[in-house]
Amino acid sequence: MSVLVYADNSEGKFKKSALEVVSYGKALANQLNTDLTVITINATEPEQLQKYGANKILFVKDDSFIFNAKIYAGIITEAAFTSNTNIIIIDSSTNGKYLAPLLAAKFNAGYVSNVVSAPSNLTPFTVKRKTFSNKAFSNTVITADSKVIGLAKNAFEVKEDPTTAEVEEFSPVLLSTSVKSESIEKASGKIAIADADIVVSGGRGLKGPENFKMIEELADVLGAATACSKPVSDMGWRPHGEHVGQTGKPVAANLYIAIAISGAIQHLAGVNASKTKVVINTDPEAPFFKAADYGIVGDAFEVVPQLIEKLKAFKVENA
Amino acid sequence: MKILVCISHVPDTTSKINFTSDSTEFDTNGVQFVINPYDEFALTRAIWFQEKQGATVTVVNVGDASTEPTLRKALAIGADEAIRIDAKPTDGFYVAQQIAEVYRNGEYDLILTGKESIDYNGGMVPGLLASFLDIDYINACIGLEIEGNAVSASREIDGGTEKLSATLPIVIAGQKGLVEEKDLKIPNMRGIMMARKKPLNVVPAIECITTTQITNFEKNAEKSACKMVDADNLDELINLLHNEAKVI
Ligand SMILES: Cc1cc2nc3c(=O)[nH]c(=O)nc-3n(C[C@H](O)[C@H](O)[C@H](O)COP(=O)(O)OP(=O)(O)OC[C@H]3O[C@@H](n4cnc5c(N)ncnc54)[C@H](O)[C@@H]3O)c2cc1C
Ligand SMILES: Nc1ncnc2c1ncn2[C@@H]1O[C@H](COP(=O)(O)O)[C@@H](O)[C@H]1O
C-alpha cells in the first residue's frame with residue numbers, strides 16, 4: 001500500500017503548497033514503511049518531485065486540459081487504483097478543496113480537511129485538524145480503510161529527501177461531465193492571497209478607497225498580496241476577492257500586516273493561522289493587539305509611508 | 001424548477017468556542033445558533049429563483065430538534081417547506097448520505113449548499129452529495145444563472161474567477177457573490193407569521209456508515225504578549241521581522 005499525493009501546479013510550475021503535500025506524503029510513507037507515488041497533471045518538470053522523496057511519479061500530459069474537478073478526480077482515482085494505494089494527500093487550494101470530497105466518495109474514504117500535522121497515531125489513524133474557523137483544533141480518527149487528507153496551507157514544512165523515482169506517463173480514462181470552463185479571468189500581475197507568503201491588509205480606518213494606494217505600495221515592496229476587512233469590500237473600496245476573514249478568504253501566510261483593522265472576532269478567525277501578525281492602529285485598545293505578535297500604536301497615514309521608505313532602504317541593503 | 005437548499009445550523013460568528021470538561025464535545029451553553037453564513041447566500045439565491053422564475057424551495061437539515069428554529073427562520077425568509085432529518089450530524093459522509101436520500105425521494109433539479117460550514121469546516125458535504133448521486137458539482141460558486149436546463153456559473157479560483165456552463169441537475173456550493181451582502185434576506189413580520197403555517201417535516205434517518213470520529217478538541221495555545229514597537233522606531237520593527245520572526 002503506497003501513499004498517493006496529488007501535486008497541483010500553476011502554469012506547469014509546482015507551487016509551495018504542492019511541495020508541502022509531497023513532503024507530508026513522504027513523512028507519512030516513512031511512518032507507514034511504504035513508498036510514495038505522486039500524480040501530477042501537465043507539470044513541465046514532474047521529475048523535480050524526486051527531490052522531495054517521490055518514489056514514483058505519474059504524469060499526465062495533455063495540453064488541451066483545463067482544470068475540471070470531475071475529470072481530474074477521475075484521473076487521481078484511477079492513479080490510486082493502479083498504484084494500489086488507500087491514502088491520498090491533497091492541498092487546500094480552491095482546486096484541492098473541490099477535488100478532495102470527490103475522491104473520498106469514490107473510495108468510501110474518510111476525508112479530513114485542514115489537517116495541520118502528520119498522524120499522531122496510526123492505529124487508530126489519528127490526525128489533528130483546524131476547526132471552528134481556526135478557533136480550535138480537533139483530533140480526528142479516520143475509521144474507514146481508505147483515507148483522504150487535505151493538508152492545511154503553511155502547516156507542514158517543505159523538506160528535501162532526494163530519491164531516484166520512476167517517472168511514468170499515465171494515460172487515464174476521462175470521465176464525462178456537463179461542466180465546461182468557458183473563460184478564466186486572472187487578476188494579472190497581482191499576487192493571489194492564497195499563494196502569498198506575505199499579506200498586507202487594510203481596514204475601514206483607512207477612510208476611503210483612495211488611501212489603499214499606500215497599502216498597494218507597501219505590498220509591492222514586500223512582494224505581498226493585498227487584502228482587506230469585510231466592510232471595506234462591502235462598501236466597494238476594494239474587490240470582493242480581497243475580503244479576508246471567517247466569511248472571506250482564509251489567510252495562512254508567514255506574515256500578515258493589519259493596518260487600521262480593529263480585530264473583530266470574525267476577522268481574526270480567518271487570519272490567525274498566519275505565523276506572524278503585525279498590527280498598526282491608532283487605538284491602543286483595539287482587540288487586534290491581543291492577537292498580534294508585533295504592534296504599533298500610530299496613525300497609518302504617518303506610519304505606512306515611513307515604513308515603505310524604510311523597507312525600500314532595507315531591501316537595497318540586503319539585496 | 002425544484003430546489004433543495006442544505007442548511008447547516010452553526011454557532012453565531014461571534015461565539016466564544018468552548019468544549020465540555022472532557023473536551024469531547026462543543027459546549028453549546030450560551031451559544032446562539034444561526035443559519036450557516038454561506039448557506040444564507042445559497043438560500044437567498046434560491047428565493048430569487050422562486051420569485052423570478054417560479055421555483056419551489058425546500059430547505060433540509062440533518063440535526064436534532066434543536067435545529068428547528070433555524071429551519072423556521074429559513075421558512076420565514078421564504079422557503080416553501082422544510083425537512084429535518086432527525087439525526088446527529090456525525091460526520092460529512094453521514095450527512096451527505098442522508099441528504100442524498102431526500103434528493104432521491106423528491107425529484108429536485110438543483111441542490112444549493114454553502115461551500116463550508118463555519119463550525120466543523122469540513123467542506124465536503126456538497127462534493128460527497130454530488131458523487132453519491134452521480135450528478136455534476138460546482139464549488140466556491142460566486143454567480144449563478146439558470147435558464148431552462150442550462151446553468152451558467154462563476155467560481156472563485158486562486159487569483160481570479162472562472163466562468164462555467166453546465167446542465168441540471170447539479171450541486172452548487174456557494175458563497176458571497178451568489179448574491180450580494182446587502183441583498184441577503186432578513187425575515188420580516190409577515191414572513192415569520194407565514195412560516196408558522198408552512199410544513200416542517202421530520203423524517204427518520206436511514207442506516208448508513210460514518211468514516212471519521214472526533215476524539216477530542218483542543219483550544220488554541222495561549223498567545224504570548226504582543227511586542228509593542230514605538231511608531232518612531234520603525235527600524236526596530238524591520239529588525240524584529242528580519243532577525244526574530246525571520247519573515248522578511
Ligand atoms: C456574520 C458576520 C461575518 C463577518 N465576517 C467577517 C470577515 O470574514 N472578515 C472581516 O473582516 N469582518 C467580518 N465581519 C465584520 C466584523 O464583525 C467587523 O465589523 C469588521 O471586521 C470590522 O472591520 P474593520 O476592522 O476594518 O473596521 P472597524 O471595526 O471600523 O475598525 C477600524 C479600525 O481602524 C482604526 N483606525 C482608524 N483610523 C486609523 C488610522 N488613521 N490609523 C490606524 N488605525 C486607524 C480604528 O482604531 C479601528 O480599530 C463579519 C460580521 C458578521 C456579523
Ligand atoms: N447537518 C447538515 N444539514 C444540512 N446541510 C448541511 C449539514 N452540514 C453541512 N451541510 C451543508 O453542506 C455545506 C458544507 O458543509 P461542510 O461539509 O460541513 O463544511 C454547508 O454549507 C451546508 O449547506
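Residue numbers start from 1 in every chain, and the chains themselves are labelled A, B, ... in the order their sequence lines are given, proteins ahead of strands.
Proximity to chain B (any heavy atom under 4.5 Å) is shown, for A/Leu99, by neither the backbone nor the side chain. If you measure heavy-atom distances from A/Phe67 to chain B, the contacts under 4.5 Å come from both the backbone and the side chain. With a 4.5 Å cut-off on non-hydrogen atoms, A/Asn108 touches chain B through its backbone and its side chain both. With a 4.5 angstrom heavy-atom cutoff, A/Ala100 does not touch chain B via any of its atoms. Interface residue B/Ala245: backbone and side-chain heavy atoms are both found under 4.5 Å from chain A. In this structure, no portion of A/Ile193 lies under 4.5 Å from any heavy atom of chain B. For A/Tyr294, the parts sitting under 4.5 Å from any heavy atom of chain B are the backbone and the side chain alike. Within the 4.5 angstrom heavy-atom criterion, only side-chain atoms of A/Thr276, from C-beta onward, approach chain B. Heavy atoms of A/Lys275 lying under 4.5 Å from chain B are absent altogether. Only the side chain of A/Ser233 comes within contact range of chain B, with at least one heavy atom under 4.5 Å from a heavy atom of that chain. Of the two parts of A/Asn272, only the side chain, counted from C-beta on, holds a non-hydrogen atom closer than 4.5 Å to a non-hydrogen atom of chain B. For A/Ala69, no part sits under 4.5 Å from any heavy atom of chain B, backbone or side chain. Neither the backbone nor the side chain of A/Val279 comes within contact range of chain B; no heavy atoms are under 4.5 Å apart. Looking at A/Ile66, only its side chain comes within 4.5 Å of chain B, counting heavy atoms on both sides. Heavy atoms closer than 4.5 Å to chain B are found in the backbone of A/Ala109, but not in its side chain.
For the residue pair A/Glu185 and B/Thr161, no side-chain donor N or O sits within less than 3.5 Å of a side-chain acceptor on the partner. No side-chain donor-acceptor contact under 3.5 Å links A/Thr143 and B/Gln213. In summary, the side chains of A/Asn139 and B/Thr215 do not present any donor paired with an acceptor at a separation below 3.5 Å, with no hydrogens or angles considered. If you check the side chains of B/Thr13 and A/Gln246, you find no donor sitting under 3.5 Å from an acceptor.
For A/Arg129 (side chain) and B/Tyr120 (main-chain N/O), a donor-acceptor pair under 3.5 Å exists by modelled atom type. For the pair A/Ser178 (side chain) and B/Ala166 (backbone), a donor-acceptor distance under 3.5 Å is absent.
Note: A/Lys128 leads A/Lys130, A/Lys190, A/Lys128, A/Lys106 in heavy-atom pairs under 4.5 Å with chain B. By number of non-hydrogen pairs under 4.5 angstrom with chain A, the leading residue of B/Asn220, B/Ile214, B/Leu164, B/Val125 is B/Asn220.
Between B/Lys223 and A/Lys290 there is no side-chain heavy-atom pair separated by less than 4.5 Å. Contact of the A/Thr94 side chain with the B/Arg155 side chain is registered, since non-hydrogen atoms from C-beta on lie closer than 4.5 Å.
Closest approach of A/Pro101 and B/Ser131 over heavy atoms only: O-OG, 4.4 Å.
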Working for ring pair (Phe, Tyr, Trp, His ring centres under 6.0 Å), residues B/Phe26 and A/Phe132: CA-CA 10 Å; B/Phe26 175 57; A/Phe132 288 98; 4.7 Å; yes
Full working for salt bridge (Lys or Arg N to Asp or Glu O under 4.0 Å) between A/Lys310 and B/Asp235: CA-CA 7 Å; A/Lys310 290 203 184 275; B/Asp235 290 323; 3.5 Å; yes
Evaluation steps, salt bridge (Lys or Arg N to Asp or Glu O under 4.0 Å), between A/Lys135 and B/Asp119: CA-CA 9 Å; A/Lys135 292 174 191 167; B/Asp119 51 0; over 6 Å; no
Residues B/Lys182, A/Asp234; criterion salt bridge (Lys or Arg N to Asp or Glu O under 4.0 Å); working and verdict: CA-CA 8 Å; B/Lys182 61 176 176 17; A/Asp234 285 345; over 6 Å; no
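Here the NZ-CG distance, from B/Lys246 to A/Leu255, works out to 14.5 Å after rounding to the nearest 0.5 Å. Here the CD1-OG1 distance, from B/Ile170 to A/Thr177, works out to 7.0 Å after rounding to the nearest 0.5 Å. Rounding to the nearest 0.5 Å gives a distance of 7.5 Å between OG of A/Ser133 and CD1 of B/Ile17.
Heavy atoms from other residues, nucleotides or ligands lying under 6.0 Å from NZ of A/Lys15 number more than 12. With a 6.0 Å radius and a threshold of 12 heavy atoms from other residues, nucleotides or ligands, A/Lys16 has its NZ atom above the threshold.
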